[in-house]
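All values below come from the heavy atoms of this structure, side chains included, with hydrogens, waters and symmetry mates left out. Per chain, numbering begins at 1; letters A, B, ... match sequence-line order.
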Amino acid sequence: MKSFNEKIWELARKVPKGRVTTYKILAEKLGTRAYRAVGTAMNRNPNGLMNCGYSKEMVPCHRVVASSGHLHGFAHGLEKKAELLENEGIKIKDDKIINFEKIVFRP
DNA sequence: CGCAGTCTAGCAC
DNA sequence: GTGCTAGACTGCG
């Protein structure tokens, strides 16, 4: 039985490059409504903040945003998060994802 | 904009 | 070991 936290990373890891997901979706997939717990798990993810990027075992925290497509808190700073997303082809404007409904990954 | 609901992790006793 | 607080959220008033 994987830990709650492990499940979160597993789902987040499934998000393809150039796509994003939301805390809500992840929580729903886990069959819970603890959206906060999802964010907490991400913040405490043992993969290491520096691994929030381009390794296969990574957990792309920067691809996980609020349900409204707005960038919420990020340990590295929202500017860093926006930078990573733009690097994947995702446009960010005023800390918000453009065409969010088009790139959001919903299993 | 502000309050309540839900779950985990961390700190205190 | 048990209990309480805080937190990368969301929905409703």
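- Mapped onto DNA chain C by nearest heavy atom, A/Ser68 and A/Ala37 fall at different nucleotides, with A/Ala37 at the one closer to the 5' end.
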>> Is there a side-chain contact (heavy atoms from CB on, under 4.5 Å) between A/Met42 and A/Phe74? Walk through the geometry before answering.
In response: CA-CA 10 Å; A/Met42 280 299 193; A/Phe74 191 59; over 6 Å; no

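- Between A/Lys24 and C/dG11 there is a side-chain N or O to OP1 or OP2 distance below 4.0 Å.
- Ranked by how close their nearest DNA chain C nucleotide is to the 5' end, A/Thr22 and A/Val38 are led by A/Val38.
- Comparing C/dG11, B/dT8, C/dA8 by their closest approach to the side chain of A/Phe4 singles out B/dT8.
- The NE2 atom of A/His76 lies 7.0 Å from the SG atom of A/Cys61; values are rounded to the nearest 0.5 Å.
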> Are A/Arg63 and A/Lys17 close enough, and set up right, to give a side-chain contact (heavy atoms from CB on, under 4.5 Å), and what steps lead you there?
Replying inline: CA-CA 9 Å; A/Arg63 291 182 193 155; A/Lys17 182 172 179 292; 3.8 Å; yes

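- Residue A/Thr40 places none of its side-chain N or O atoms closer than 4.0 Å to OP1 or OP2 of B/dA9.
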> How is the base pairing of DNA chain C summarised as a dot-bracket string, given the Watson-Crick and G-U wobble criteria with both distances under 3.5 Å, [ ] for crossing and | for another strand?
Replying inline: |||||||.|||||

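- Candidate nucleotides C/dT10, C/dA8, B/dC7 were compared by shortest atom distance to the side chain of A/Ala66, and C/dT10 ranks first.
- Counting only N and O atoms by type, the side chains of A/His62 and A/Glu88 include a donor and acceptor under 3.5 Å apart.
- The side chain of A/Ala34 sits closest to B/dT6 out of B/dA9, B/dT6, C/dA8.
- Considering only side-chain atoms of A/Arg33, the nucleotide from B/dC7, C/dG7, B/dT6 that sits closest is B/dT6.
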